[in-house]
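Since we're looking at a predicted model, the values are computed, not measured.
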Amino acid sequence: MNKLVMGMAAVGMVSSLAAEASAETTRRYNYATFSWEEVDANAPAARQRQILARKPAAEFMRREVRIQTDEKPGTVIVDSSRRYLYFVEGNGMATRYGVGVGKEGFGWSGTMKVGRKAEWPGWTPPAAMVKRERAKGRELPAYMAGGPGNPLGARAMYLFRGGRDSMFRIHGTNQPWTIGQMMSSGCIRMMNEDVEHLYSRVPVGSKVVVIGPDGRGAGNVYAEVGPARQPGLLQAIFGG
């Protein structure tokens, strides 16, 4: 009888431990909502990788395009209304990247310069953002070290105006599925692989022209006139 009771108790302890393990969570900061959230730490690794690997719509993937512009090669043009960033190549060509832009009320336009650059940058939320989110009951971290979970992603290019930091950045993201959307507080967000690609081509001092969310004045800055090359007959028939 004692053995039976002891056996039942042991089973109960195992069940309790299993329940605790299955309920184990980890705290993770979701900068899309500016809040901490509880995440199931025991979720299958494959499922976590699947979530992190989600990509934006096909039209926001990097590609070469033909454009008309008076801007010099090396200039960065951001069209917030279309959610595209162009790196001007010269000879009527540009690399086009999909981007995420400021949510309603956080859009802006103007001409900036890249004032500095950083790889795997740390993030210090601006005081205005801290105050704004605190009023909503959301407490931002004072500082987040650089790394895969950081909201600035793999690279950041800090935009300056008149020699001063504007507090706007072109940066990566650990949420690539947000590309093509209006979700940020004014920064220009890119997939990590794209921001790394752009970062290697844009030195400090580069000109950045940002067209606002209403698209006003875009025609005075650039016009996209088609893909880099027209598909041949076989490509048109068979694809590729």
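- Sorted by first and then second residue, the salt bridge (Lys or Arg N to Asp or Glu O under 4.0 Å) pairs involving residues 67-78 (not counting sequence neighbours) are Glu71-Lys207.
- Salt-bridge formation is detected for the pair Arg82/Glu224: a Lys NZ or Arg NE/NH1/NH2 atom is positioned less than 4.0 Å from an Asp or Glu carboxylate oxygen.
- At a threshold of 4.0 Å, the pair Glu139-Arg134 counts as salt-bridged, since one of the basic side-chain nitrogens sits closer than that to a carboxylate oxygen.
- Under a 4.5 Å side-chain heavy-atom criterion applied to ILVMFWY residues, the cluster that includes Ile170 comprises Val76, Val78, Leu85, Phe87, Tyr97, Val99, Val101, Trp108, Met112, Val114, Met157, Leu159, Phe168, Met182, Ile188, Met190, Val195, Leu198, Tyr199, Val202, Val208, Val210 as well.
- In this structure, Met129 CE and Thr124 OG1 are separated by 11.5 Å, a value rounded to the nearest 0.5 Å.
- In terms of modelled atom types and a separation under 3.5 Å, the side chain of Asn91 and the main chain of Met93 share no donor-acceptor contact.
- Of the possible polar contacts, none joining the Asn174 side chain to the Gly153 backbone as a donor-acceptor pair under 3.5 Å is found.
- Remark: the backbone N or O of Arg161 is not paired with any side-chain donor or acceptor of Arg164 at under 3.5 angstrom.
- Listed for the Ser109 side chain is no donor-acceptor partner under 3.5 Å among the backbone atoms of Ile211.
- One side chain, Thr95 or Arg201, offers a donor N or O that lies under 3.5 Å from an acceptor on the other.
- Met61 and Tyr84 end up in the same hydrophobic cluster when Ile, Leu, Val, Met, Phe, Trp and Tyr side chains are linked at under 4.5 Å.
- Both Met144 and Tyr158 belong to a common hydrophobic cluster when Ile, Leu, Val, Met, Phe, Trp and Tyr are linked at side-chain heavy-atom distances under 4.5 angstrom.
- Follow the hydrophobic side-chain contacts under 4.5 Å out from Val130 and you reach Trp123 in the same cluster.
- In this structure, the side chain of Asn150 engages the main chain of Ala145 through a donor-acceptor pair within 3.5 Å.
- Atom-to-atom distance recorded for Glu133:CD and Lys131:NZ is 13.0 Å, nearest 0.5 angstrom.
- A salt bridge does not link Glu89 with Arg66: none of the charged nitrogens is closer than 4.0 Å to a carboxylate oxygen.
- For Ser184 (side chain) and Cys187 (main-chain N/O), a donor-acceptor pair under 3.5 Å exists by modelled atom type.
- Between the side chain of Asn192 and the backbone N or O of Gly172 there is no donor-acceptor pair closer than 3.5 Å.
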*Given the rule in the side-chain contact (heavy atoms from CB on, under 4.5 Å) test, do His171 and Arg155 qualify, once you have shown the distances and angles that lead to the verdict?*
CA-CA 6 Å; His171 65 79; Arg155 303 288 186 271; over 6 Å; no
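- When the side chains of ILVMFWY residues are joined at heavy-atom separations under 4.5 Å, either directly or via intervening members, Val65 and Val209 end up in a single hydrophobic cluster.
- Shown here are the salt bridge (Lys or Arg N to Asp or Glu O under 4.0 Å) partners of Arg63, two or more places apart in sequence or in another chain: there are none.
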